[in-house]
Amino acid sequence: FSIVIDLTMISAENQIQTSWASSLSKVMPNQIGANVDAVYFLHSNQFFKKYSKRIAQFTGRVKSKFVFLSAPSQLFQYIHEKDVHLPNDTLAVEKDVQATFSPVTRVTQYNKKEVIVRIGTDFLIVETEKKNPLFGHQATFVEVIHISRVLEIGQQQRKDNDQFVIKYEDNTPCKRP
């Protein structure tokens with residue numbers, strides 16, 4: 001069997017408590033790892049990377065079967081679309097894209113990263129161009145920001161070029177040169 005974990009809207013508000021993960025690992029049969037074909041993670045992001053450090057101790061050998069995907073269409077290469085019952089919001093992240101901007105430099109208080117920005121009807125999607133380490137695998141991070149979390153959209157004039165700035169709830173701006 002396979003397990004699909006949808007991380008599209010994961011954040012501090014809707015994470016699984018570490019104590020629950022601990023309890024689950026205690027009642028889970030030891031041989032379950034041998035019976036799992038794959039564990040698919042859809043839309044992993046920076047928050048999940050931080051969270052994964054707390055639950056890594058509960059993953060055991062099954063982490064070798066982890067597969068990190070950045071779009072539902074990638075999941076459908078492994079599991080037939082009619083057998084995957086993802087929420088409509090998760091599917092909309094890929095299907096309702098109105099505009100795509102690349103290259104975009106995402107500027108945080110710590111660093112700058114090249115990303116792809118997709119704007120959908122209800123979401124702003126920020127996808128890393130470079131893969132990031134996660135559970136010993138390489139993963140593309142996909143930050144899905146609901147449009148209600150957008151605080152400011154504007155343009156900054158610079159000597160060398162114009163920059164488009166989008167600030168959202170966690171105050172991390174994305175700039176398009």
Side-chain angles (χ1 to χ4, degrees), residues 3-16 39-56 63 66-79 81 84 86-158 160-177:
I3 300 170
V4 177
I5 300 174
D6 181 5
L7 300 169
T8 302
M9 301 305 286
I10 192 166
S11 65
E13 298 89 42
N14 54 22
Q15 68 183 343
I16 296 172
V39 179
Y40 301 102
F41 291 89
L42 183 60
H43 296 141
S44 55
N45 59 28
Q46 191 64 39
F47 175 82
F48 182 69
K49 181 177 181 177
K50 291 177 189 174
Y51 177 71
S52 69
K53 293 175 184 175
R54 290 184 286 181
I55 62 167
K63 69 180 167 190
F66 288 177
V67 179
F68 295 94
L69 307 168
S70 60
S73 60
Q74 292 175 334
L75 179 61
F76 301 149
Q77 293 173 6
Y78 299 98
I79 303 172
E81 188 171 355
V84 178
L86 292 170
N88 289 335
D89 283 347
T90 299
L91 297 172
V93 168
E94 185 176 30
K95 291 182 178 178
D96 293 344
V97 173
Q98 306 294 315
T100 302
F101 301 96
S102 178
V104 175
T105 303
R106 179 181 185 176
V107 180
T108 67
Q109 65 188 36
Y110 305 109
N111 60 18
K112 295 180 181 182
K113 290 184 181 181
E114 293 297 315
V115 297
I116 300 166
V117 175
R118 293 185 178 88
I119 299 173
T121 310
D122 295 321
F123 299 101
L124 173 70
I125 301 103
V126 181
E127 183 176 322
T128 59
E129 287 188 347
K130 182 180 167 191
K131 297 213 179 235
N132 299 278
L134 191 57
F135 287 114
H137 299 271
Q138 294 296 309
T140 299
F141 287 170
V142 180
E143 303 285 342
V144 179
I145 301 123
H146 192 271
I147 213 76
S148 65
R149 289 181 48 209
V150 173
L151 301 172
E152 179 184 335
I153 299 176
Q155 202 170 13
Q156 288 183 342
Q157 299 290 324
R158 306 286 297 254
D160 51 348
N161 62 7
D162 292 338
Q163 292 185 342
F164 189 74
V165 177
I166 301 173
K167 290 186 181 182
Y168 49 95
E169 196 168 79
D170 68 354
N171 296 321
T172 304
C174 293
K175 294 185 178 182
R176 168 119 168 83

Between [X] and [Y], is any pair of side-chain heavy atoms under 4.5 Å apart?
{"X": "Val93", "Y": "His43", "answer": "yes"}
{"X": "Leu124", "Y": "Val117", "answer": "yes"}
{"X": "Lys49", "Y": "Ser44", "answer": "no"}
{"X": "Ile116", "Y": "Glu129", "answer": "yes"}
{"X": "Arg106", "Y": "Val126", "answer": "yes"}
{"X": "Val144", "Y": "Thr90", "answer": "no"}

*Between Arg118 and Glu127, is there a side-chain N and carboxylate O pair less than 4.0 Å apart?*
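Salt bridge: yes.
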*Do we see a donor-acceptor contact under 3.5 Å between the side chains of Gln77 and Ser73?*
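Short answer, no.
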*Hey, mind stepping through Thr121 and Asp96 against side chain to side chain donor-acceptor pair (under 3.5 Å) and telling me if it holds?*
CA-CA 6 Å; Thr121 310; Asp96 293 344; 4.5 Å; no
Do the rings of [X] and [Y] sit parallel, tilted or perpendicular, given the 30° and 60° boundaries?
{"X": "Phe48", "Y": "Phe68", "result": "tilted"}
{"X": "Phe41", "Y": "Phe66", "result": "perpendicular"}
{"X": "Tyr51", "Y": "Phe47", "result": "parallel"}

